[in-house]
2 protein chains.
Amino acid sequence: MEESYAPATGRTLQTNDSVTLEDVARLAGVTAMTVSRTLKRPELVREETRLRVMDAVRATGYVPNLLAGALATNKSHLIALLLPTIATSIFTDMVQTMMSTLAAAGYQTLLGLTDYLKEREEQLVETLLGRRPDAIVLTGTDHSPLTRERLRRTKVPIVEIWDLTDDPIDMLIGFSHEAVGIAVARHLLQKDYRRFAVLSADDPRGLRRSTSFIDELKRQGIESVPMEVLPAPATLQTGREGFVRLLEKDLPDVIVCSTDTLAQGILAEAAKRGIGIPQDVAVMGFGDLSTAAHVHPSLSTVRIDGASIGRLAAEALVSRLNAKEPPLPALRVDTGFRIVDRESA
Amino acid sequence: MEESYAPATGRTLQTNDSVTLEDVARLAGVTAMTVSRTLKRPELVREETRLRVMDAVRATGYVPNLLAGALATNKSHLIALLLPTIATSIFTDMVQTMMSTLAAAGYQTLLGLTDYLKEREEQLVETLLGRRPDAIVLTGTDHSPLTRERLRRTKVPIVEIWDLTDDPIDMLIGFSHEAVGIAVARHLLQKDYRRFAVLSADDPRGLRRSTSFIDELKRQGIESVPMEVLPAPATLQTGREGFVRLLEKDLPDVIVCSTDTLAQGILAEAAKRGIGIPQDVAVMGFGDLSTAAHVHPSLSTVRIDGASIGRLAAEALVSRLNAKEPPLPALRVDTGFRIVDRESA
DNA sequence: CTGTTAGCGCGTTCAG
DNA sequence: CTGAACGCGCTAACAG
């Protein structure tokens, strides 16, 4: 018997350095099963054996193989998060909060970056599904048909965040980008601005905010609104360039930016050219509550609360994963936004 | 026989929605093995069968279970990346580049956020090791003894990035934070600045840059350098606050910041108070080549090339993972940095 | 070119 | 309270 175990290395042996439950068990003089229980459900094991096992665990430096565990239980404790990019500060707060909330509940995050490309998202969904995540978080609500189909068929809980829609795949937590555009338009009109310009990154949601803003202005009788669109992700540099291009046209009263980073770029270029913000031209940004450029005194912004989105999404998932049978009524949350005026008048 | 297969659902059956190799094989009239080969090594399969199998794959919507594959092959195609935070722009370029380079080579990234806490890193290393990553990337070279020990014992390739040390765990790609501090000091002295102040986040490497800067000044005869240290991660808001505190002392010629975000905060607060940058006080930042505040015309900065670090790390890992036997001589790279003066004089 | 056998490391299940 | 048997889904190794 011993013989058939020890030299049972007809294969590689050097599988790695991995210590297995078996190894620990042998050292502790028990079965693998007892070691497993000691680690997962210690209350089911007599104290004496438990201590012996724990010693053996330490002595061997055993690290449980989560792959094997996941395969056996059909629970990976992995959450897939699909994000356009981390090259912009807009998502960072949400990601941090979501990851730490999930981590606290015992879940790890598998990150996929789509670069705002639907085809990339499609491919990532396939790969990530292969890891059998316990849930999937998608940024935005606009996905390729194949992606939607794959995701709909899956029983894996899905959360779409950062946007709203009438036809979510499953759960939904976000805010309306159309509403942002409209609110900004009304806010600025009320402040007596009349000559507008728009600087937008060409990501889908930024564009929707921008066009919604322009549409609302039209409805209010403002016909001509110059708009510059620059490639995503937005950077300080593209903000500066966009500002330069806008300057080639008439100088407006106020420039509305699809995101804070662009607004900061404008501030930088304006400083260089001696253009006063907000005296010569006012600037409006858009960004996260905690990391946003609203801390620049001369900038007005739309603030969204990314941390809330992250926390809500994580909590919704965790409770759904813990819940046994009833697949709770689908969650839909509008997290809203707030317009904040600049500090200096 | 058929009977012992079909109703062989003594267990849950609803394991999930997962279609298995078996399911595809049955539909295609072959064995699981043939399906596996069709997917991984199509050249070993006759075209006719291959087509039949591919049809079955499509028909069933089969998505390979990477957990099972990883368990069987002892290759997870997962790379663990330990990062202090993504709440600061400093790492974003590196992360994006590393992730996309790895993705192109068929590896996914498992992200762990340490919040600059060594104990958190220690815990994360344990959890992440459980996923049996094919490699581990650590930010920085300063780890808890237990972490070092665990990592040293592992045969998993390790890369420490973003710093240099004489005693790396394995591979090493970064730059010297001491050298940055010294270079900045000499640069500013040469520009005839004499009255300095430092604004630093209290992350380990930021502090090292700051103290190295101050030490070099001391060596050059400058004794008193006020320094404000604020909690990491740096934000625009803390930059503003730090500036305010520095203003309570004498106004220096130049303020050296441990990171661009703090420098930008200074610019914001200075704008509010009508303090001219760089006329009244100059500001020096530190950050990534592509996302850095160097695009602000009145800011001088130290630029590092995060993208290179990310790409080098990814490429080193991939080639090491592809290499068969010889564990190549350990890689050590100093990626250096560059001091860039402001645009406006 | 395709099938068979065996096992990756773990957890569920049921005996004892 | 502990153990034995079995299977999660896949692939390496060897037949044929």
Side-chain angles (χ1 to χ4, degrees), chain A residues 1 4-5 7-26 28-53 57 60 62-77 129-132, chain B residues 4-5 8-26 28-53 57 60 62-77 129-132:
Chain A
M1 264 319 189
S4 72
Y5 266 107
T9 42
R11 310 178 58 169
T12 10
L13 175 58
Q14 287 288 36
T15 58
N16 222 353
D17 50 346
S18 50
V19 180
T20 73
L21 273 185
E22 275 289 336
D23 299 328
V24 179
R26 208 171 311 153
V30 294
T31 337
M33 211 38 247
T34 302
V35 179
S36 175
R37 282 200 195 93
T38 307
L39 262 21
K40 305 273 158 123
R41 321 216 31 210
E43 71 278 10
L44 296 183
V45 177
R46 201 200 328 165
E47 176 165 1
E48 187 201 313
T49 24
R50 199 192 323 159
L51 293 175
R52 203 147 35 90
V53 169
V57 167
T60 53
Y62 172 69
V63 177
N65 185 328
L66 268 23
L67 296 173
L71 187 58
T73 58
N74 200 28
K75 290 183 201 337
S76 64
H77 284 260
L129 275 178
R131 299 280 172 193
R132 296 298 187 265
Chain B
S4 72
Y5 266 107
T9 42
R11 311 179 57 168
T12 12
L13 176 58
Q14 286 287 37
T15 59
N16 222 351
D17 50 347
S18 50
V19 180
T20 73
L21 272 185
E22 275 290 337
D23 298 330
V24 179
R26 206 172 313 155
V30 293
T31 358
M33 207 45 239
T34 301
V35 179
S36 175
R37 283 200 195 93
T38 307
L39 263 21
K40 307 270 160 126
R41 323 215 31 211
E43 72 277 12
L44 298 183
V45 177
R46 199 202 326 165
E47 175 164 3
E48 187 201 313
T49 28
R50 197 191 327 158
L51 293 175
R52 203 147 34 90
V53 169
V57 167
T60 53
Y62 172 70
V63 178
N65 185 329
L66 267 23
L67 297 174
L71 187 59
T73 59
N74 200 29
K75 289 183 201 337
S76 64
H77 285 260
L129 275 178
R131 300 281 172 193
R132 297 298 186 265

In whole angstrom, give the distance that lies between atom [atom1] of [X] and atom [atom2] of [N].
| X | N | atom1 | atom2 | value |
| --- | --- | --- | --- | --- |
| L66(A) | dC10(C) | CG | C1' | 11 Å |
| R26(A) | dG3(D) | CZ | P | 14 Å |
| H77(B) | dC8(C) | NE2 | P | 20 Å |
| R52(B) | dC1(C) | CZ | C1' | 12 Å |
| L44(B) | dA12(D) | CG | C1' | 13 Å |
| K40(A) | dC1(D) | NZ | C1' | 20 Å |
| L67(A) | dT11(D) | CG | C1' | 15 Å |
| R132(B) | dC10(D) | CZ | C1' | 18 Å |

Min side-chain heavy-atom separation V45(B)-V53(B) under 4.5 Å: no
Side chain to side chain contact (heavy atoms under 4.5 Å, CB included) against [X], all qualifying residues, sequence neighbours excluded:
| X | result |
| --- | --- |
| T73(B) | K75(B) |
| V63(B) | L129(A), R132(A) |
| L66(B) | R131(A), P64(B), Q108(B) |
| L71(B) | N65(A), A68(A), L71(A) |

Residue-phosphate contact under 4.0 Å: [X] side-chain N/O, [N] OP1/OP2:
| X | N | result |
| --- | --- | --- |
| S36(B) | dT11(D) | yes |
| T20(A) | dC8(C) | no |
| T34(B) | dG3(C) | yes |

Side-chain (T31(A)) to main-chain (M33(A)) donor-acceptor, under 3.5 angstrom: no
Residue pair A70(A) / S76(A): nearest heavy atoms and the distance that separates them: CB-CA, 3.7 Å
Y62(A) to T20(A) - nearest heavy-atom pair and separation: CE1-C, 3.7 Å
T31(A), nearest nucleotide to its side chain (from dT2(D), dT11(D), dG9(D)): dT2(D)
T38(A): side chain to side chain donor-acceptor pair (under 3.5 Å) partners, not counting sequence neighbours: none
Terminal axis angle for the helix from dC1(C)-dG16(D) to dG16(C)-dC1(D), five pairs an end, nearest 10 degrees: 40°
Sugar-phosphate only, base, or nothing, as touched by L71(B) at under 4.0 Å among non-hydrogen atoms: base
Closest-nucleotide 5' rank along DNA chain C - winner of V45(B) and A68(B): V45(B)
5' priority, DNA chain C, between M33(A) and G29(B) [closest heavy atom]: G29(B)
Qualifying salt bridge (Lys or Arg N to Asp or Glu O under 4.0 Å) pairs with a residue from residues 31-46 of chain B, counting only residues at least two apart or across chains: R41(B)-E43(B), R46(B)-E48(B)
Comparing R50(A) and R41(B) on DNA chain D - which has the more 5′ nearest nucleotide: R50(A)
Protein N or O to nucleotides 14-16 of chain D N or O, pairs below 3.5 Å:
none

